[in-house]
Amino acid sequence: MTRSKTSGKETRADRPLTHDDVVMLVGDLDDEAIVEIIASGATVRDLDEAIAWAESESDVMGELEKRLAEPAASVYRILMTRKELEPDR
């Protein structure tokens with residue numbers, strides 16, 4: 001049997017999200033949103049991509065107009081909904 005370059009181990013970016021991951025990457029978010037993000041089945045990589053889209057930092061949003069794939073798209077929608085609900089600071 002051939003093992004992958006990661007020796008069959010899951011990389012940090014490809015593992016399912018934990019509560020701590022979401023808080024560390026997104027910051028202050030209500031528990032309901034955190035539960036929704038985790039329930040989406042997103043990985044750390046998906047959350048990173050959704051955050052980049054939410055902050056308009058992803059280079060794939062420019063000329064290529066690449067669509068955001070699931071479950072990152074679900075996480076993006078959750079983040080954007082919460083962003084709209086935030087009071088102006």
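Keep in mind it's a predicted model, so treat the numbers as computed, not measured.
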Task: Pairwise distance CG(Leu79) to CG(Leu29) - rounded to 0.5 angstrom - done: 6.5 Å
Distance-only check: which donor-acceptor pairs under 3.5 Å involve side-chain atoms of residues 31-43, not counting sequence neighbours?
unit_1	atom_1	unit_2	atom_2	d
Glu36	OE2	Arg82	NH2	3.0
Ser40	OG	Ile37	O	2.6
Ser40	OG	Ala42	N	3.2
Thr43	OG1	Ala13	O	3.3
Thr43	OG1	Arg45	N	3.3
Thr43	OG1	Asp46	N	3.1
Thr43	OG1	Asp46	OD2	3.2

Open item on the list: Quick check: do Asp21 and Thr18 have side-chain heavy atoms less than 4.5 Å from each other?
Closed with: yes
Open item on the list: Considering only residues two or more places apart or on different chains, which pairs with a residue in residues 68-81 satisfy salt bridge (charged side-chain N to carboxylate O under 4.0 Å, His left out)?
Closed with: Glu70-Arg77
TODO: Taking the side chain as every heavy atom from C-beta outward, state whether Val44 and Thr11 have any atom pair closer than 4.5 Å.
DONE: no
Open item on the list: Please give me the minimum heavy-atom distance between Ala50 and Tyr76, naming the atom from each residue.
Closed with: CB-N, 3.6 Å
Open item on the list: Under the side-chain contact (heavy atoms from CB on, under 4.5 Å) test against Val75, which residue among Asp48, Val22, Leu47 passes?
Closed with: Leu47
